[in-house]
Amino acid sequence: DTAVSQTPKYLVTQMGNDKSIKCEQNLGHDTMYWYKQDSKKFLKIMFSYNNKELIINETVPNRFSPKSPDKAHLNLHINSLELGDSAVYFCASSQYGGNGNTIYFGEGSWLTVV
Amino acid sequence: GESVGLHLPTLSVQEGDNSIINCAYSNSASDYFIWYKQESGKGPQFIIDIRSNMDKRQGQRVTVLLNKTVKHLSLQIAATQPGDSAVYFCAEKSGAGNMLTFGGGTRLMVKP
């Protein structure tokens, strides 16, 4: 059983298109995240949701809009895709609060904008 | 051998040797640290963690050392195996939202 699952795993699309990446976790966690990993493997937080509410929104263009229908799902919608959006996007989850709450990652979604 | 985890450097070790991967973290208020392993085509996987009130923690074949004075974290892998080949990231937790900030990663290559 995959604890954090995201789809699609691979996505190739043209500039200007709108696309979504879906994420679901079955760990019973109350907090979910989106991270972006660039070509140099650098991992950077984009968003964090706790119980469906946005708690972290790093400097991310407005073209990126996360949506959390419930605490087990956090989807990422991207409008007007640009070449620079090409990256690997990781969904993750954890249980909020206290020390030592490990964040668990999905397998990643490879987005290529052409 | 040693390597500093900035700009994805590569550490190459012989199978059976011990590996040491280093990481300098940025925030003196960070209270929790994790090492992740990322294999090609996969997401980061939890290896071992340590809280700021400890300076050493051991797992199976792995040891994490924390030096808060110089804000330094290291991961030691004993008897390195080919399956250990991956990119290793340190991450620190501080501030609101349980947010993890990742270091730049180190690629470990194990030669048979």
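Lettering follows sequence order; numbering is per chain, from 1.
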For [X], look at atom [atom1] and say whether over 12 heavy atoms of other residues, nucleotides or ligands are found less than 6.0 Å away.
X: B/N53; atom1: CG; value: yes
X: B/K68; atom1: NZ; value: yes
X: A/K22; atom1: NZ; value: no
X: B/M54; atom1: CE; value: yes

If Ile, Leu, Val, Met, Phe, Trp and Tyr residues are connected whenever their side-chain heavy atoms lie under 4.5 Å apart, and connections chain through other members, are A/F42 and A/W34 in the same group?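 Not linked; separate clusters.
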* Hydrophobic cluster membership, B/I21 vs B/V13, 4.5 Å side-chain cutoff ->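 Yes, because B/I21 and B/V13 connect within a single hydrophobic cluster, where side-chain heavy atoms sit under 4.5 Å apart.
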Please name the pair of heavy atoms, one in B/L100 and one in A/Y35, separated by the smallest distance, quoted to 0.1 Å.
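In this case the closest contact between B/L100 and A/Y35 is O-OH, 3.1 Å.
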Q: Can you see which heavy atom on A/Q37 is nearest to which on B/F89, and at what distance?
A: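 It is NE2-CZ, 3.5 Å.
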- Item | Near-ring test B/F102/A/F105, centroid separation under 6.0 angstrom |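 Yes; B/F102 has its ring centre under 6.0 Å from that of A/F105.
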| request: Measure A/K9 against the heavy atoms of chain B and call it side chain, backbone, both or neither at under 4.5 Å. | output: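 Just the side chain, heavy atoms under 4.5 Å.
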Do B/T101 and A/I45 touch side chain to side chain, with heavy atoms closer than 4.5 Å?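 Not touching, per the 4.5 Å side-chain cut-off.
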Taking the side chain as every heavy atom from C-beta outward, state whether B/Y36 and A/I103 have any pair of such atoms under 4.5 Å apart.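 In contact.
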Would you give the length of the straight line joining atom CZ of A/F90 to atom NZ of B/K42, rounded to the nearest 0.5 angstrom?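 Rounded to the nearest 0.5 Å, the CZ-NZ separation comes to 12.0 Å.
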Could you give the distance from CD (A/E107) to CD (B/Q45), rounded to the nearest 0.5 Å?
->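 A/E107 CD to B/Q45 CD: 7.5 Å, rounded to 0.5 Å.
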